[in-house]
Peer 1: 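One structure coming up, written as structure tokens, with questions to follow.
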Amino acid sequence: VQANGVMIAFSHIVLVFLIIIYCISLSSQARRDLEVDIYERLPVPFGLVRFGVAPDHPEVKNVINTFTQTAKHSNCSFYGNVNVGKDVSVEELKQAYHAVILSYGAEGNRSMGVPGEDLAGVYSAKDFVGWYNGLPSCQKLSPDLSCETAVILGQGNVAVDVARILLSPIDILKKTDITQPALAALAESQVRRVLIVGRRGPIQVACTIKELREMVKLPDTRPEMLATDFEGISEAIKDVPRPRKRLTELLLKTALEVPDEKEQERRNKASRMWAFRFFRSPVEILTNPDSSRIAGIRLAVNRLEGSGERARAVLTGEVEDVSCGLVISSIGYKSIPIDPSVPFDSRQAIVPNKMGRVQQATGLYCSGWLKTGPTGVIATTMNNSFDTARSLMEDMESGTVDISAAKPGSQSINSLLKKRGVKPVIFSDWEKIDSVETSRGEARGKPREKLLTVEEMLQVAHK
Ligand SMILES: NC(=O)c1ccc[n+]([C@@H]2O[C@H](COP(=O)([O-])OP(=O)(O)OC[C@H]3O[C@@H](n4cnc5c(N)ncnc54)[C@H](OP(=O)(O)O)[C@@H]3O)[C@@H](O)[C@H]2O)c1
Ligand SMILES: *[C@@H]1O[C@H](CO)[C@@H](O)[C@H](O)[C@H]1NC(C)=O
Ligand SMILES: *[C@@H]1O[C@H](CO)[C@@H](O)[C@H](O)[C@H]1NC(C)=O
Ligand SMILES: *[C@@H]1O[C@H](CO)[C@@H](O)[C@H](O)[C@H]1NC(C)=O
């Protein structure tokens, strides 16, 4: 029986996932009597670090080492394969623990809201990324890569990740933990041209400079931007803040500057090309005459109203058709409600909260993208989660969260789960999966070969 049970639900895919566990180490320093249980829908931990971070960014995944250390803390337990909202309700968790922190991220995607969005050949970046990163629910996607041109809508880091994976030489990808089916499909891919389309202009791109630099340097590719997209930009950047200025300068250089001889030669030899296209919003997906596959996308031509980061795209009334066989919508993720008892703001797609305290729900907290919306890098999300942990600690100190009486914690939840035929995957079970994955990877010269179905994960975990 726990003195103080704190429970964290991660039933879904999350960038924040184990970031929260960081708070555990903070918390346990402050309170020696704290116990933290983590519930996760999938049999494997690490959320978006495993299923979102690009396979060719292994250094970003090093944060898993820190998460693992925390998960192995003697007062921290992991219960994977538990679907909060289905296998166990948030209300039941609140009964069993002094506090519940929801940290299940943003597993939905914003929809474009244009005709043809549901056609075969149109994918959300969320699903496309899930496919090449081994997310079980996305394995059936097997995207059709038999076309020459792909259009990605949105210009954030996710859009750039997708463009890079579509265009990377296969020799680079095969040394990463990208899944074997994705590797096979990409090796056969006919995609030679990737357009990354934004509704606003070069000063408003949402990606960061490191990711843009990677595109500029990507072997066997060349940039093909349009000079007309950059009219007036050299003057306009004088007034923008420094990080944004450097990013725009790199865009300008890539688009307009005549490269030196060596770079020119590299570009001439490249077999694939990429470009940002600006001032364009999706209007409609176009199909071939018998509607059997997509033939292109109709884009509305925009102009900007206002300047800087806050400039707004306004329709000019003009449209432009672009031929392509693949459309990937990368216009942002969004959180979804998982339990009717938890307040949810559908407009902002977050759980309404003050510093992580869920409004009108004592003992209930949120962190990560569920708390703020889907923005920021891992470090941003860590800070966001530390703040929630701090709020909870304050509430325990002040007595807002009453910890005077013991709560049963995982003991009562585990007996509920048993009755319902749900067998959790604990951290040492995950380590069995981890070891199978790394040894399968080793055999292929990759850091890891991920298991692709929940069934196989459970088989290995419960062997
Ligand atoms: N390597 C990394 O560090 C890395 C990798 C992946 C993701 N991340 C982070 O994860 C977060 C999420 O990334 P993200 O790329 O999904 O989101 P994001 O950075 O918010 O980018 C979303 C893009 O979609 C556009 N957009 C939104 N609604 C639209 C609409 N209705 N029509 C047309 N375009 C629309 C946005 O344009 P507007 O600006 O005009 O709204 C923006 O270009 C970001 O903070 C990102 O930096 C980081
Ligand atoms: C774990 O929690 C118990 C109380 O449930 C406490 O006595 C113990 O000191 C804690 N251990 C650590 C390492 O924090
Ligand atoms: C995700 O995007 C797809 C295609 O763009 C759309 O059909 C679907 O409704 C979106 N899902 C959510 C949860 O918005
Ligand atoms: C996180 O917080 C630390 C300490 O306040 C700060 O130094 C750092 O810049 C923050 N990181 C991000 C990405 O917000």
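For ligands, and for the atoms within them, numbers begin at 1 and follow the listed sequence.
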Peer 1: Can you check ring pair (Phe, Tyr, Trp, His ring centres under 6.0 Å) on Trp131 and Phe51, steps first, answer last?
Peer 2: CA-CA 9 Å; Trp131 169 68; Phe51 294 115; over 10 Å; no

Peer 1: Within the 4.0 Å heavy-atom shell around Asn75, which atoms of ligand 2 are there?
Peer 2: 1 (C), 2 (O), 3 (C), 8 (C), 10 (C), 11 (N), 12 (C), 14 (O)

Peer 1: Is there a polar contact between ligand 4 and Thr380, counting only N or O atoms under 3.5 Å apart?
Peer 2: no

Peer 1: Given that the side chain starts at C-beta and the backbone is N, CA, C, O, which of these parts of Val205 lies under 4.0 Å from ligand 1, counting heavy atoms, or is it both or neither?
Peer 2: neither

Peer 1: Measuring to protein heavy atoms, does anything land under 4.0 Å from atom 1 (C) of ligand 4?
Peer 2: yes

Peer 1: Are Glu59 and Asn62 linked by a side-chain donor-acceptor pair shorter than 3.5 Å?
Peer 2: no

Peer 1: Under 4.0 Å from ligand 1, counting heavy atoms only, is it the side chain of Pro374, its backbone, both or neither?
Peer 2: backbone

Peer 1: Is there a polar contact, in the sense of an N or O pair closer than 3.5 Å, between Gly154 and ligand 1?
Peer 2: no

Peer 1: Using a strict 4.0 Å threshold on nitrogen-to-oxygen distance, state whether Glu449 and Lys446 make a salt bridge.
Peer 2: yes

Peer 1: Have a look at Arg199, Glu214, Arg312, Lys210 and point out the one with the heavy atom closest to atom 41 (O) of ligand 1.
Peer 2: Arg199

Peer 1: Would you please determine whether Ser330 falls within less than 4.0 Å of ligand 1 on a heavy-atom basis?
Peer 2: yes

Peer 1: Thr149: what forms a side chain to side chain donor-acceptor pair (under 3.5 Å) with it, not counting sequence neighbours?
Peer 2: Arg193

Peer 1: Quick check: Gln155 and ligand 1, any N/O pair under 3.5 Å apart?
Peer 2: yes

Peer 1: Let me see the working for Ser367 and Ser103 under side chain to side chain donor-acceptor pair (under 3.5 Å), right down to the final yes or no.
Peer 2: CA-CA 5 Å; Ser367 79; Ser103 190; 3.0 Å; yes

Peer 1: Can you confirm whether some protein heavy atom lies under 4.0 Å from atom 11 (N) of ligand 4, or whether none does?
Peer 2: yes

Peer 1: Polar-atom distance check: Asp161 versus ligand 1, any N or O pair below 3.5 Å?
Peer 2: no

Peer 1: Of all the heavy-atom pairs spanning Thr248 and Arg244, show the shortest one and how long it is.
Peer 2: OG1-O, 2.7 Å

Peer 1: Does Asp395 pair with Arg357 as a salt bridge, N-O distance under 4.0 Å?
Peer 2: yes

Peer 1: In this structure, which one of Tyr132, Phe128, Trp274 forms a side-chain contact (heavy atoms from CB on, under 4.5 Å) with Leu166?
Peer 2: Phe128

Peer 1: Can you check whether Pro282 has an N/O within less than 3.5 Å of an N/O in ligand 1?
Peer 2: no

Peer 1: Output yes when Lys61 and Asp177 qualify as a salt bridge under the 4.0 Å nitrogen-oxygen rule, no when they do not.
Peer 2: yes

Peer 1: Show me which atoms of ligand 1 lie under 4.0 Å from any heavy atom of Val377.
Peer 2: 3 (O)

Peer 1: Between Glu437 and Lys450, does any side-chain N to carboxylate O distance fall below 4.0 Å?
Peer 2: no

Peer 1: Check whether any N or O atom of Asn157, backbone or side chain, sits under 3.5 Å from an N or O atom of ligand 1, and answer yes or no.
Peer 2: yes

Peer 1: What about Tyr333: any of its N or O atoms under 3.5 Å from an N or O on ligand 1?
Peer 2: no

Peer 1: Looking at every heavy atom in both Ile350 and Thr372, which two are closest together, and how far apart are they?
Peer 2: CG2-C, 3.9 Å

Peer 1: Any atoms of ligand 1 less than 4.0 Å from a non-hydrogen atom of Arg200? List them with their elements.
Peer 2: 38 (P), 39 (O), 40 (O)

Peer 1: Do me a favour and list the nearest non-hydrogen protein atom to atom 5 (O) of ligand 4 with residue, atom name and distance?
Peer 2: Asn383 ND2, 4.8 Å

Peer 1: Check each atom of ligand 1 against the heavy atoms of Ala206 and keep those under 4.0 Å away; list them by number with element.
Peer 2: 19 (O), 21 (O), 42 (C), 43 (O)

Peer 1: Does a sphere of radius 6.0 Å around NZ in Lys253 hold more than 12 heavy atoms from other residues, nucleotides or ligands, not counting ones at 6.0 Å or beyond?
Peer 2: no

Peer 1: Go through ligand 4 atom by atom and flag the ones less than 4.0 Å from a non-hydrogen atom of Ala379.
Peer 2: 13 (C)

Peer 1: Might you work through the side-chain contact (heavy atoms from CB on, under 4.5 Å) test for Leu119 and Thr287, ending with a clear yes or no?
Peer 2: CA-CA 9 Å; Leu119 289 167; Thr287 63; 3.3 Å; yes

Peer 1: Run through Val301, Val319, Val151, Asn302 and flag the one making a side-chain contact (heavy atoms from CB on, under 4.5 Å) with Arg280.
Peer 2: Val301

Peer 1: Is atom 7 (O) of ligand 4 less than 4.0 angstrom from at least one protein heavy atom?
Peer 2: no

Peer 1: Going by distance only, is there an N or O of Glu35 that falls short of 3.5 Å from an N or O of ligand 2?
Peer 2: yes

Peer 1: Just jot down the ligand 1 atoms closer than 4.0 angstrom to any heavy atom of Thr375, in number order.
Peer 2: 45 (O)

Peer 1: Taking only heavy atoms of Ser74 into account, list the atoms of ligand 2 that are under 4.0 Å away from them.
Peer 2: 13 (C)

Peer 1: Given the rule in the ring pair (Phe, Tyr, Trp, His ring centres under 6.0 Å) test, do Phe230 and Phe278 qualify, once you have shown the distances and angles that lead to the verdict?
Peer 2: CA-CA 9 Å; Phe230 291 85; Phe278 297 100; 5.6 Å; yes

Peer 1: Checking contacts here: is it the side chain or the backbone of Glu211 that comes within 4.0 Å of ligand 1, counting heavy atoms only? Could be both or neither.
Peer 2: side chain

Peer 1: Between Val158, Asn109, Ile152, which one has a non-hydrogen atom sitting closest to atom 7 (C) of ligand 1?
Peer 2: Val158

